[in-house]
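First comes the structure, then the notes that go with it.
In what follows, chains are A, B, ... by sequence order, proteins preceding strands, each numbered from 1.
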Protein chains: 4
Amino acid sequence: MGIQERKERERERRRQQIIVAAKRVFSKKGFNRATMEDIAQEAELSPGTLYLYFKNKDELYASLSLRILQYLNIRLDHVVKEEGLAPAERMQALKEAIYDVYQFDPLILINLFHLQSSETLENLSPELFDDIQNLTLRSLERITALFRSGIEGGLFETYNPEVLAELFWSLFSGMVLWEESKRIFENDNYFLKDTLDMAFGIFLRGIGRPEEGPFAASPHRLGVAVDPMPSK
Amino acid sequence: MGIQERKERERERRRQQIIVAAKRVFSKKGFNRATMEDIAQEAELSPGTLYLYFKNKDELYASLSLRILQYLNIRLDHVVKEEGLAPAERMQALKEAIYDVYQFDPLILINLFHLQSSETLENLSPELFDDIQNLTLRSLERITALFRSGIEGGLFETYNPEVLAELFWSLFSGMVLWEESKRIFENDNYFLKDTLDMAFGIFLRGIGRPEEGPFAASPHRLGVAVDPMPSK
Amino acid sequence: MGIQERKERERERRRQQIIVAAKRVFSKKGFNRATMEDIAQEAELSPGTLYLYFKNKDELYASLSLRILQYLNIRLDHVVKEEGLAPAERMQALKEAIYDVYQFDPLILINLFHLQSSETLENLSPELFDDIQNLTLRSLERITALFRSGIEGGLFETYNPEVLAELFWSLFSGMVLWEESKRIFENDNYFLKDTLDMAFGIFLRGIGRPEEGPFAASPHRLGVAVDPMPSK
Amino acid sequence: MGIQERKERERERRRQQIIVAAKRVFSKKGFNRATMEDIAQEAELSPGTLYLYFKNKDELYASLSLRILQYLNIRLDHVVKEEGLAPAERMQALKEAIYDVYQFDPLILINLFHLQSSETLENLSPELFDDIQNLTLRSLERITALFRSGIEGGLFETYNPEVLAELFWSLFSGMVLWEESKRIFENDNYFLKDTLDMAFGIFLRGIGRPEEGPFAASPHRLGVAVDPMPSK
DNA sequence: TATGAATGAGAGTTCATTCAT
DNA sequence: AATGAATGAACTCTCATTCAT
């Protein structure tokens, strides 16, 4: 079984080699214009070989997303499991985690957000679809856990923590995509970090409990109806 | 000149006919799987005719987005120009406007958000690219104006209103896309409205001035640094 | 019938207008890349109208050739029929005639030579095919007549005058086409005239009767100026 | 490296297979009417495969011409380099060489002459364009060398040998194209050989030095048989 | 007679995928 | 396991031609 294991390791390494090549190619050419031939060349392999490791082009592309989702999960895991953090510090850590994920590879993150809301997702093999779904939902659960502990710790109003996690995720993805839009429109690089800080601050303040804790916001005289626990 | 006008009208009607057909086809088949042949058939035209009205497939698709952007602009225009609205009411009207846009055609809206952050955008003809850019930026300006008047009216902290508009737009787009993700993952229709209400409430509360007005949030003891006017 | 005639004249004028436009377009774009749409635009007509005057694209193109053939015929006719010319002067006139035809429109002449040796010719309507055939053969006959009178006048050896005419025509067409080749290869304009003079001189000398007349091969009393080393 | 070589050989063989098929197809259907699909079928390959060997349709067609140019070059090379030939014999060998080229494949030769004076030539890839240019010019150089040695050997007047080569080439190409014209007009096969003999005789006589050698214009001691009245 | 929008067959070309080696 | 030549379906797009007005 030592042999078995080594083979398994080598197989995984080759997969990663292809993924890395694919990433480079699509950064250069964009997703649609990148061909399997291009990727094979970049990976110094033949086109046929790619199909030994990935069922088809869509699955290769989706695997890029999978990789960044895995990274996201690990980072979130750390934030949730790290001991001795005050709830407010945990929020800070959450922000840093997603920013790291963004920096890890913005293009792939954009690709993930596209994939997650496109027909392509539905046409993947059930296994890969499940992987993406599970990792996505697990990430959301972790973020949910963070917000739940914030609520339980008295930091936030008693919003539905699941919905808070979704809002948080939506805000993040929307900002990343808009960042790209601005790059295209203005041909002008922009740094997400400051805006992300600000957005996060507003968001936390928006959900903070009045008169208490670091994200306090009060007293409630909201002209807009906010039901903290909308029925799903 | 009556003839000229009639021709112009007929041309525009034909364009719309094609756009409507394209919309139907890509709703059925998804963007990538829809062929020009399909669209021609749906529009009861020949493939060649499509090219009399749209330069190529990408431009036809982008024109769908253009249409919803135009609708968005008109709606935002009304919100900005409607007289006799209190700032808080204007915010409410803003929310309703974007929700109407969402309901106008969710799929096309998703398509717009994809387009705005994809390489396809860069390969459009300069004219179409400019149209999309201008409408997008003009929409942002209108939202900016709303937030600015909110700030000037003492409702909100003195954040940079441009950045607030971008955050607002990001949150909206992120939620729309995540809505689609959930639909795919859970095969379960979900209604954006409630979550949008909640998100909007949180956002307004997050940027509201303390002790004052309907979006008050206070006192400030924020553990997370929030610079209301980040340098761009 | 005055009306009939006027109509006929107008029809012919419109045909010429189209032919002129076609000539301009194909000079700009080359034969294959020129479209009927292009020609219609250049002629300030609609595409449909072209088909009222020409059966199809091939026939329009062939009509250009027809026009230059007609011009050639008229010029040759003059040479043949002009009275009071010595045979040697007639040869000189022949040379000038074809050079004028060349200058009339080199591109169309090239097109004629292509057409005359291509499948397109065979697919023309019988009428147009006959027109081209007749004009071509009539031109050849005129040249034949010139050589025949040269032979009868004792200038030339008793070659078959028909074959001489064909050789003459071949030499001319070959030179015109090679001229174009050189232009493409060397991107360098070249003036056919000198070479044509030289070629004509050699040809006449090659067929001249010895010891007699202006084209006698030897001793050298060449009536036609032959510069053995034209400056390139 | 043995493998490398074998691959290279196989690749070349496949190229030739396609060229041969293309030749057959366009002989049957004419150049314009022949489709890539037709050629693929004739070669018993798939359409896609053609594009592994030729960049596009024009380049495939131009490659046919390239092949005949290569053959021409080899033949001319032999004529120039063959030792122990008297200048007059070399002229005879030149005539035989080009006649062989003609017989090798008249249709492709016609195609070459069309190509060499058409816009298509200018739109080839630089490599292929250069190949054709180089082979053409090298052929001309070889012919030039032959005429130069004829001049130096006292056979010919001191014409510019380069221009003589061009005239010779023009005469040849013009005759080949006119031959095709006659075939089309008269639906009657004609044999170029006799006319070519005659033309060559006239040409040599036209440039021959008087009173001397085998091409002396007079008195008649022509080394090259010239039948003044070839039977049609 | 003139229009010009519409046609639609068909072209060249691409490229994800396969499979004999 | 790796290759890479070959596949061939499917695509977008062109443009000569038609015909209702």
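- Each of A:A34 and D:E37 lies near DNA chain E, and the nucleotide nearest D:E37 is the one positioned closer to the 5' end.
- As judged by a 4.0 angstrom heavy-atom cut-off over every strand, A:Y53 is placed among residues touching the sugar-phosphate backbone only.
- If you check E:dG12, F:dC13, F:dA16 against the side chain of C:M36, the one that comes closest is F:dA16.
- One finds no side-chain N or O of B:R33 lying less than 4.0 angstrom from the OP1 or OP2 phosphate oxygen of F:dC11.
- What separates CG of C:D58 from P of F:dC15 is a distance of 15 Å, to the nearest Å.
- At whole-Å resolution of the value, CG in D:N32 and P in E:dG10 are 16 Å apart.
- Contacts of D:R11 with the nucleic acid, taken as non-hydrogen atoms under 4.0 Å apart, are absent.
- Considering only the side chain of B:L52, E:dA5 comes nearest among E:dA5, F:dT3, F:dG4.
- Across the protein-nucleic acid pair, B:Q41 atom CD and E:dT7 atom C1' stand 14 Å apart, rounded to whole Å.
- At E:dT1, none of the side-chain N or O atoms of C:R14 fall inside 4.0 Å of OP1 or OP2 (strictly under the cut-off).
- Nearest to the side-chain atoms of B:K57 among the listed nucleotides F:dT12, F:dT3, E:dT13 stands F:dT12.
- Pair assignment for E:dT13: F:dA10, on the basis of Watson-Crick or G-U wobble contacts that are both within less than 3.5 Å.
- The CG atom of D:L50 sits 13 Å away from the C1' atom of F:dA5 (whole-angstrom rounding).
- Backbone-only engagement by B:L45 is indicated by non-hydrogen atom pairs under 4.0 Å involving sugar-phosphate atoms exclusively.
- Nearest to the side chain of D:N56, among F:dT3, E:dT13, F:dG8, sits E:dT13.
- With salt bridges taken as basic N to acidic carboxylate O contacts below 4.0 Å, one links D:E42 and D:K28.
- One finds the CG atom of C:N111 at 4.0 Å from the OG atom of C:S65 (value rounded to the nearest 0.5 Å).
- Along DNA chain F, the nucleotide closest to B:T35 and the one closest to C:P47 are compared, and the more 5′ of them pairs with B:T35.
- Note: CD (D:Q17) to P (F:dA6) measures 9 Å, nearest angstrom.
- Computed from coordinates, the A:D38 CG to E:dA16 P distance equals 8 Å when rounded to whole Å.
- Take the nearest nucleotide of DNA chain E for D:K55 and for C:G48: the residue whose nucleotide is more 5' is C:G48.
- Comparing atom distances between the C:Y51 side chain and each of E:dG8, E:dG4, F:dT17 picks out F:dT17 as nearest.
- Remark: E:dT21 base-pairs with F:dA2. Criterion, Watson-Crick or G-U wobble with two distances under 3.5 Å.
- Taking atom CD1 of residue D:I39 and atom P of nucleotide E:dA11, one finds them 11 Å apart after rounding to whole Å.
- A:T120 and A:N123 form no side-chain donor-acceptor contact under 3.5 Å, judged by distance and modelled atom types alone.
- Here the rule is side-chain contact (heavy atoms from CB on, under 4.5 Å) with A:L112, and of A:L66, A:L69, A:D105, A:L107 only A:L69 fits it.
- Remark: P of E:dT13 and CZ of D:F54 are 13 Å apart, rounded to the nearest angstrom.
- Put simply, C:S46 has a side-chain N or O that comes within less than 4.0 Å of OP1 or OP2 on E:dT3.
- The existence of a salt bridge linking D:R14 and D:E10 is excluded, since no basic side-chain nitrogen approaches an acidic carboxylate oxygen closer than 4.0 Å.
- Counting any heavy atom pair closer than 4.0 Å across all strands shown, B:T49 reaches a base atom.
- A side-chain donor from one of B:H114 and A:S117 sits under 3.5 Å from a side-chain acceptor of the other.
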